[in-house]
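Structure first, then comments.
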Amino acid sequence: MKEKVYVSVKGLHFVSTDEGNAMETQEEAIEIINVGKYRRVGENEYIKYSEMIEGENKPCSSMIKIGGDGSVELTKKGSVTAHLLFMPGEKTMTFYETPYGNLYLGVFAREVLIDRDDDCIKIIIDYGLEMNYEHVSDCRVEIKISSYGKLEL
């Protein structure tokens, strides 16, 4: 893997709402593509990149850490501050700070799949999201880190 990389993050967020007497599921999709920097330190891999948050005029610094234990951490610093840990089969708690207020979130990573070759790392995370100890949505995120010049959409 080269030091300069493309970072593609695709996410799908399923939210259940109570419309009248029937529960309705709504999908909310997100996708970002950025240029970042990759480095490996021991068993851990780090990918740093900047991203713009909707409604903000300063970029947010983001880092993905792929642990040698199969975990994936996402850290954001800026107008949005968060530290999310996805450990397969485990629930973690975190604060998610935004310009509009702070949230206390629970993240249960049902599955974390990591596949790699010389020029690409693909990560799929299937997780549940809790707010105030209540399940609010099911989520799936696909992260693709590709050597610069090797981006495939």
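Everything numeric here is computed off the predicted structure, so don't read it as measured data.
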**OP:** Might you confirm whether atom CG of Asn102 has over 12 heavy atoms from other residues, nucleotides or ligands at distances under 6.0 Å?
**Re:**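 Yes, CG of Asn102 has more than 12 neighbouring heavy atoms, counting only those of other groups under 6.0 Å.
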Original post:
Does NZ in Lys4 sit with more than 12 non-hydrogen atoms of other residues, nucleotides or ligands closer than 6.0 Å?
Top reply: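 Not more than 12 within 6.0 Å, no.
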**OP:** Would you please test Arg110 and Asp138 for side-chain contact (heavy atoms from CB on, under 4.5 Å) and show each step?
**Re:** CA-CA 10 Å; Arg110 288 185 282 273; Asp138 292 311; 3.1 Å; yes
Consider only side-chain heavy atoms of I, L, V, M, F, W and Y, link residues closer than 4.5 Å, and tell whether [X] and [Y] are in one cluster.
| X | Y | value |
| --- | --- | --- |
| Ile114 | Val107 | yes |
| Met87 | Ile121 | no |
| Phe86 | Val80 | yes |
| Ile64 | Leu105 | yes |

Shortest non-hydrogen contact from [X] to [Y]?
| X | Y | value |
| --- | --- | --- |
| Glu51 | Ser62 | OE2-OG, 2.8 Å |
| Ser71 | Leu85 | CB-CD1, 4.1 Å |
| Met93 | Tyr133 | CE-CE2, 3.7 Å |

To the nearest 0.5 Å, what is the distance between [atom1] ([X]) and [atom2] ([Y])?
| X | Y | atom1 | atom2 | value |
| --- | --- | --- | --- | --- |
| Ser137 | Glu130 | OG | CD | 10.0 Å |
| His83 | Thr94 | NE2 | OG1 | 7.0 Å |
| Lys144 | Ile124 | NZ | CD1 | 10.5 Å |
| Ser79 | Lys76 | OG | NZ | 9.5 Å |
| Tyr127 | Cys139 | OH | SG | 4.0 Å |
| Ile125 | Arg140 | CD1 | CZ | 10.5 Å |

Subject >> Heavy-atom donor-acceptor pair, Ser50 side chain to Pro59 backbone, under 3.5 Å >> reply: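 No, because the side chain of Ser50 does not come within donor-acceptor range (under 3.5 Å) of the backbone of Pro59.
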Original post:
Pick from Ile32, Ile33, Ile145: which one makes a side chain to side chain contact (heavy atoms under 4.5 Å, CB included) with Tyr49?
Top reply: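 Among Ile32, Ile33, Ile145, the one meeting side chain to side chain contact (heavy atoms under 4.5 Å, CB included) with Tyr49 is Ile32.
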Original post:
In a check of side chain to side chain contact (heavy atoms under 4.5 Å, CB included) between Val72 and each of Leu113, Leu84, Ile123, which one passes?
Top reply: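 Of Leu113, Leu84, Ile123, side chain to side chain contact (heavy atoms under 4.5 Å, CB included) with Val72 is met by Ile123 alone.
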Subject >> Residues Leu103, Met131; criterion side-chain contact (heavy atoms from CB on, under 4.5 Å); working and verdict >> reply: CA-CA 7 Å; Leu103 301 170; Met131 191 178 323; 3.9 Å; yes
Show me the side-chain donor-acceptor pairs of residues 41-48 shorter than 3.5 Å, one per line, residues at least two apart or across chains.
residue : atom : partner : partner atom : Å
Asn44   : OD1  : Gly68   : N            : 3.3
Glu45   : OE1  : Arg116  : NH1          : 2.4
Glu45   : OE1  : Arg116  : NH2          : 3.2
Glu45   : OE2  : Tyr38   : OH           : 2.6
Glu45   : OE2  : Arg40   : NH1          : 3.4
Glu45   : OE2  : Arg116  : NH1          : 2.9

Subject >> Parallel, tilted or perpendicular: ring planes of Phe95 versus Tyr104, cut at 30 and 60 degrees >> reply: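 Tilted: the ring planes of Phe95 and Tyr104 meet at 30° to 60°.
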Subject >> Evaluation steps, side-chain contact (heavy atoms from CB on, under 4.5 Å), between Tyr6 and Asn34 >> reply: CA-CA 6 Å; Tyr6 290 113; Asn34 287 300; over 6 Å; no
